[in-house]
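In what follows, every heavy atom counts, from backbone to side chain, and hydrogens, waters and symmetry copies are set aside.
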Amino acid sequence: MHRSSEIKIGVLALQGDFQAHRDKLSSLGVSSIEVRKAEQLSNISGLILPGGESPAMLKLMDAKFRRSIRDIASDGLAVLATCAGIILLAKNVFSPRQESLNVLDIDVTRNAYGRQKDSFIEERLEWT
């Protein structure tokens with residue numbers, strides 16, 4: 001866990017729009033680092049798990065990295081998760097069933113839109 005007085009937020013940077021989170025933190029005057037391996041989790045004040053494709057993120061994490069995220073979350077480090085980040089943390093993931101980090105005592109049902117590039121709803125206006 002972070003020991004100095006400077007706040008530094010780690011942003012999981014394996015896949016997805018992690019840069020948007022870093023840009024927002026920067027605009028608020030908060031220091032951040034891109035986290036791609038377990039060793040980078042040691043001196044952070046909090047962790048953001050962004051949206052993206054949770055199966056891709058899991059494939060890019062080795063066992064040590066997964067265990068480290070579980071450990072710091074269980075030890076009380078502040079973790080913000082959005083979209084795929086919530087899927088990563090959930091205890092159970094359905095539709096389809098997939099592995100997770102089993103940190104947060106929730107069940108998640110994934111959306112039915114398919115891959116991330118297809119995960120939107122487009123409203124079409126009919127002109128009459």
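- Rounded to the nearest 0.5 Å, atoms NZ (Lys24) and CZ (Arg22) are 15.5 Å apart.
- Scanning both residues, Gly10 and Ile44, for their nearest heavy atoms gives N-CG2, 3.9 Å.
- The CG atom of Leu47 lies 8.5 Å from the CD1 atom of Ile9; values are rounded to the nearest 0.5 Å.
- Annotation: side chain of Val79 is not in contact with side chain of Leu104 (no heavy-atom distance under 4.5 Å).
- Considering only residues two or more places apart in sequence or on other chains, Ser31 meets the side chain to side chain contact (heavy atoms under 4.5 Å, CB included) condition with Glu6, Lys8.
- When all heavy atoms are compared, the tightest approach of Leu41 to Ser68 is CD1-CB, 3.6 Å.
- Partners of Ala56 according to the side chain to side chain contact (heavy atoms under 4.5 Å, CB included) rule, which considers only residues two or more places apart in sequence or in another chain, are Gln15, Glu53.
- Residues passing the side chain to side chain donor-acceptor pair (under 3.5 Å) test with Gln98 are Ser54, Arg110, sequence neighbours excluded.
- Going from atom CG of Leu14 over to atom CG of Leu49 covers 9.5 Å, rounded to the nearest 0.5 Å.
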Donor-acceptor pairs are to be reported for all side-chain atoms of residues 80-93 against protein atoms at under 3.5 Å, with residues two or more places apart or in another chain.
from  : atom 1 : to     : atom 2 : distance (Å)
Thr82 : OG1    : Gly51  : N      : 3.3
Asn92 : ND2    : Asp107 : OD1    : 2.8

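- Arg36 is linked by a salt bridge (charged side-chain N to carboxylate O under 4.0 Å, His left out) to Glu34, counting only residues two or more places apart in sequence or in another chain.
- Between atom OG of residue Ser74 and atom CZ of residue Arg67 there is a gap of 13.0 Å, rounded to the nearest 0.5 Å.
- Residues passing the salt bridge (charged side-chain N to carboxylate O under 4.0 Å, His left out) test with Lys64, sequence neighbours excluded: Glu39.
- Residue Phe65 comes nearest to Val35 through the heavy atom pair CZ-CG1, 3.8 Å, listed as atom of the first residue, atom of the second, then distance.
- Under the 4.5 Å side-chain heavy-atom criterion for grouping Ile, Leu, Val, Met, Phe, Trp and Tyr, Ile106 is connected to Leu58 within one hydrophobic cluster.
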